[in-house]
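Written below as structure tokens is the structure these notes are about.
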Number of protein chains: 2
Amino acid sequence: MDDLETRELRYFVAVAEELHFGRAAERLGIAQPPLSRAITQLERRLGVRLLDRDRRGAALTDAGRVLLREARTALDAVSAAVRRTRRAGDPERPLVLVTKAGASHELLRALLDALADPVEVLLCEVGEQAHRLRDGQADVALMHRPFDDLAGFDTADLHTESQVAIVPAAHPLAARESVTLAEVSAVPDLPIARWPRLDGTYPDGPGPEVRTQSQLAQLVALGRTLLVIPASSRAWQWPEHVAVPVVDAPEVTTLLAWPPGSPVASLVRSAAKLSF
Amino acid sequence: MDDLETRELRYFVAVAEELHFGRAAERLGIAQPPLSRAITQLERRLGVRLLDRDRRGAALTDAGRVLLREARTALDAVSAAVRRTRRAGDPERPLVLVTKAGASHELLRALLDALADPVEVLLCEVGEQAHRLRDGQADVALMHRPFDDLAGFDTADLHTESQVAIVPAAHPLAARESVTLAEVSAVPDLPIARWPRLDGTYPDGPGPEVRTQSQLAQLVALGRTLLVIPASSRAWQWPEHVAVPVVDAPEVTTLLAWPPGSPVASLVRSAAKLSF
DNA sequence: GAGCCTAATACCCGGTGGGTATCAGAGCTT
DNA sequence: AAGCTCTGATACCCACCGGGTATTAGGCTC
């Protein structure tokens with residue numbers, strides 16, 4: 001009566017994301033009628049209307065939005081169970097550490113040295129670490145406060161530092177000893193790039209839209225945007241750019257995060273202590 | 001190939017908990033042969049041996065222990081999805097707050113007043129709040145640091161206080177201005193009670209074993225054990241007992257906890273600010 | 001009103017989850 | 001040592017249900 005199967009959750013997520021039964025069915029590799037029936041049955045079992053069907057598709061109800069969020073985390077948890085169990089059965093399983101491209105090499109190197117066991121490093125795009133951790137693709141993540149979403153993880157701080165602005169050497173700001181956030185936000189010819197939100201849409205603003213680190217690097221190199229980043233991120237500093245301290249930007253803490261209850265906790269904590 | 005159904009997880013959890021196919025099958029309401037087959041199939045699909053079958057039952061492998069832990073959290077997440085979706089579809093859904101019996105009445109009252117919306121209060125035993133939160137039976141929990149397991153939740157502190165020891169008025173310690181943890185631990189005629197661990201076993205020690213608050217209350221009332229608790233817990237202080245400050249006991253923080261990403265976050269945060 | 005695009009309904013089929021009956025092997029008991 | 005007992009595994013069958021195709025039912029556009 002009240003235990004759903006993951007299949008039903010997958011089906012619902014597909015429909016909720018596509019908002020279209022036909023496309024969702026195609027994505028799932030099944031025909032449209034069984035999918036319609038499955039969703040109807042799901043609604044009957046939950047006793048709740050999830051979608052408002054309409055002549056040109058479907059729209060989520062409030063309850064549907066709740067289920068979409070909950071179903072995603074539940075499916076992640078199931079995936080995590082599969083991945084972690086498989087890895088636990090592998091005799092020479094490496095620890096998987098996920099980090100975004102562009103994190104400090106020195107710190108990463110020191111960390112890998114501190115961990116005696118073999119470690120596999122997985123690179124992902126900005127903001128993706130949490131998801132990799134949640135669905136079991138990684139055991140531990142290198143993340144940054146206050147940027148990354150740390151909700152639901154245990155953490156150990158590694159390093160705290162201030163931020164600098166990366167500007168073309170020829171720009172007026174490049175001569176400054178230091179700048180403020182208000183100043184860098186207001187530079188009209190170097191609007192700050194906009195990252196997508198969790199739902200894939202972009203906030204309004206004058207800056208260019210970017211999805212990946214490499215897109216951003218391209219824009220910075222072209223002198224089309226400026227960038228506020230932790231001081232240690234030397235990878236961004238080409239000869240034709242300079243780094244100017246931003247006095248009132250929040251401190252950035254590089255830290256390790258892992259799912260609560262994971263057996264990596266003790267290992268990682270001691271490594272974090274060792275390396276700093 | 002790599003997506004399990006919750007049914008398979010439920011079956012495995014039952015076997016892993018009973019360590020006996022027959023009893024597990026009975027608990028699940030199915031016959032033993034299909035259960036054996038399901039577990040075998042699960043092992044084949046994961047490519048990992050989960051149980052060492054034996055003449056007198058079964059024992060978990062390392063991978064099996066991993067799957068047991070992961071499967072429980074995944075099943076909790078699925079239950080949470082069902083509960084929260086049902087509640088989201090209910091037009092006059094109350095917020096469900098879970099607290100252990102014996103928490104401060106004044107604080108709880110102030111909190112309920114601060115929350116404009118109707119709130120349903122759910123009482124549970126010590127240490128059970130986290131589970132109620134994880135499987136969606138509650139939206140927010142009143143918990144205590146450093147006692148409760150806060151892993152995986154967002155929190156807002158409400159109140160911090162020191163601890164006192166509750167001892168019979170006739171006892172020598174009752175005359176003291178203050179005591180230390182070392183002193184109260186060493187009182188031979190009032191050994192501190194032992195609570196079960198997460199797996200249900202008890203740590204060694206001279207004190208009586210308790211499972212519930214009321215059992216403990218009984219023992220305290222009988223003068224068979226002493227108790228170190230936050231100073232505000234007046235409910236424990238009968239006329240024939242006195243409270244003696246414990247100078248080196250850790251401060252106890254009463255706080256609200258909720259699952260990350262929950263829409264109650266903003267509501268609860270503002271209420272927490274209002275009430276203190 | 002014709003044509004379309006949507007989701008829902010009708011109906012059939014095959015796979016598989018669950019049932020009973022039975023087997024197989026490792027301790028006990030005597 | 002033979003047999004009993006308790007375990008999980010195997011064999012086999014059935015019925016349900018998840019998935020398929022064909023079709024219907026609305027509502028929009030032109």
Side-chain angles (χ1 to χ4, degrees), chain A residues 1-61 63-65 67-68 71 75 78 82, chain B residues 1-61 63-65 67-68 71 75 78 82:
Chain A
M1 185 60 166
D2 58 32
D3 47 334
L4 303 186
E5 293 302 321
T6 61
R7 180 178 42 77
E8 308 182 77
L9 295 178
R10 283 196 307 276
Y11 285 8
F12 174 74
V13 169
V15 175
E17 285 178 353
E18 299 284 348
L19 294 177
H20 188 287
F21 280 74
R23 281 196 300 275
E26 189 180 2
R27 206 176 93 182
L28 292 165
I30 65 171
Q32 169 260 319
L35 179 58
S36 281
R37 198 180 48 183
I39 299 295
T40 307
Q41 178 178 333
L42 178 61
E43 287 179 317
R44 210 178 47 240
R45 291 220 272 166
L46 290 173
V48 168
R49 190 142 201 86
L50 300 170
L51 295 156
D52 287 322
R53 276 77 153 178
D54 197 65
R55 42 237 149 259
R56 51 179 79 282
L60 285 171
T61 63
R65 265 181 292 276
L67 183 58
L68 178 57
L75 290 175
V78 173
V82 173
Chain B
M1 186 59 166
D2 57 34
D3 47 332
L4 303 186
E5 292 303 320
T6 61
R7 179 178 44 77
E8 307 183 77
L9 294 178
R10 283 196 308 273
Y11 285 8
F12 174 74
V13 169
V15 174
E17 285 179 354
E18 299 285 347
L19 294 177
H20 188 289
F21 281 74
R23 280 195 301 273
E26 190 181 2
R27 205 175 94 182
L28 292 166
I30 65 171
Q32 170 260 318
L35 179 58
S36 281
R37 200 179 47 182
I39 300 294
T40 307
Q41 178 178 335
L42 178 61
E43 287 179 317
R44 210 177 46 240
R45 290 220 274 166
L46 291 173
V48 168
R49 188 142 201 85
L50 299 170
L51 295 157
D52 287 321
R53 276 78 152 179
D54 197 66
R55 42 236 148 257
R56 49 178 81 282
L60 285 171
T61 63
R65 265 182 293 275
L67 183 58
L68 177 57
L75 290 175
V78 173
V82 173

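The chains referred to below are lettered A, B, ... by the order of the sequence lines, with proteins before strands, and numbering in each begins at 1.
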*asked:* Tell me every residue that passes side chain to side chain contact (heavy atoms under 4.5 Å, CB included) with B:Ala59, counting only those two or more places apart in sequence or in another chain.
replied: none
Separation of atom [atom1] in [X] from atom [atom2] in [N], rounded to whole Å:
| X | N | atom1 | atom2 | value |
| --- | --- | --- | --- | --- |
| A:Asp52 | C:dA7 | CG | P | 13 Å |
| A:Arg10 | D:dG18 | CZ | P | 13 Å |
| A:Ile30 | C:dA8 | CD1 | P | 13 Å |
| A:Leu51 | C:dT6 | CG | P | 16 Å |
| A:Glu43 | C:dA8 | CD | C1' | 12 Å |
| A:Leu35 | D:dC17 | CG | C1' | 16 Å |
| A:Gln41 | D:dG19 | CD | C1' | 13 Å |
| A:Glu8 | D:dG19 | CD | C1' | 14 Å |

_When the axes are fitted on five pairs at both termini, how much does the helix from C:dG1-D:dC30 to C:dT30-D:dA1 curve, in 10° steps?_
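The two end axes of the helix from C:dG1-D:dC30 to C:dT30-D:dA1 meet at 10°.
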*May I ask you to test the A:Thr6-A:Leu75 pair for a side-chain heavy-atom distance under 4.5 Å?*
yes
_Set of salt bridge (charged side-chain N to carboxylate O under 4.0 Å, His left out) partners for A:Arg10, sequence neighbours left out_ = B:Asp3, B:Glu5
*Please report the C-alpha distance between A:Leu67 and A:Leu46 in whole Å, then the side-chain angles of each, then the deciding distance to 0.1 Å, and finally whether the side chain to side chain contact (heavy atoms under 4.5 Å, CB included) criterion is met.*
CA-CA 10 Å; A:Leu67 183 58; A:Leu46 290 173; 4.0 Å; yes
Closest non-hydrogen atom pair, [X] against [Y]:
| X | Y | answer |
| --- | --- | --- |
| B:Ala71 | B:Leu9 | CB-CD2, 3.9 Å |
| B:Phe21 | B:Leu35 | O-CD2, 3.4 Å |
| B:Ala31 | B:Pro34 | O-CD, 3.4 Å |

*Any chance you could list the contact pattern along nucleotides 6-12 of chain D? Use B for base contacts, S for sugar-phosphate-only contacts and - for none, protein heavy atoms under 4.0 Å, 5' to 3'.*
-SBBB-B
_Among C:dG19, C:dG18, D:dG18, the one nearest B:Tyr11 by side-chain distance_ = C:dG18
List the atom pairs, with distances to 0.1 Å, where a side-chain N or O of residues 36-43 of chain A and a protein N or O form a donor-acceptor pair under 3.5 Å, not counting sequence neighbours.
unit_1  : atom_1 : unit_2  : atom_2 : d
A:Ser36 : OG     : A:Gln32 : NE2    : 3.1
A:Thr40 : OG1    : A:Ser36 : O      : 2.8
A:Glu43 : OE1    : A:Arg53 : NH1    : 3.0
A:Glu43 : OE1    : A:Arg53 : NH2    : 3.1
A:Glu43 : OE2    : A:Leu50 : N      : 2.7
A:Glu43 : OE2    : A:Leu51 : N      : 3.2
A:Glu43 : OE2    : A:Arg53 : NH1    : 2.9

Mind listing the side-chain donor-acceptor pairs of residues 12-20 of chain B below 3.5 Å, one per line with the distance, residues two or more places apart or on another chain?
unit_1  : atom_1 : unit_2  : atom_2 : d
B:Glu17 : OE1    : B:Arg27 : NH1    : 3.2
B:Glu17 : OE1    : B:Arg27 : NH2    : 2.8
B:Glu17 : OE2    : B:Arg72 : NE     : 3.3
B:Glu17 : OE2    : B:Arg72 : NH2    : 2.9
B:Glu18 : OE2    : B:Arg27 : NH1    : 3.1
B:His20 : ND1    : B:Gly22 : N      : 3.2
B:His20 : ND1    : B:Arg23 : N      : 3.0

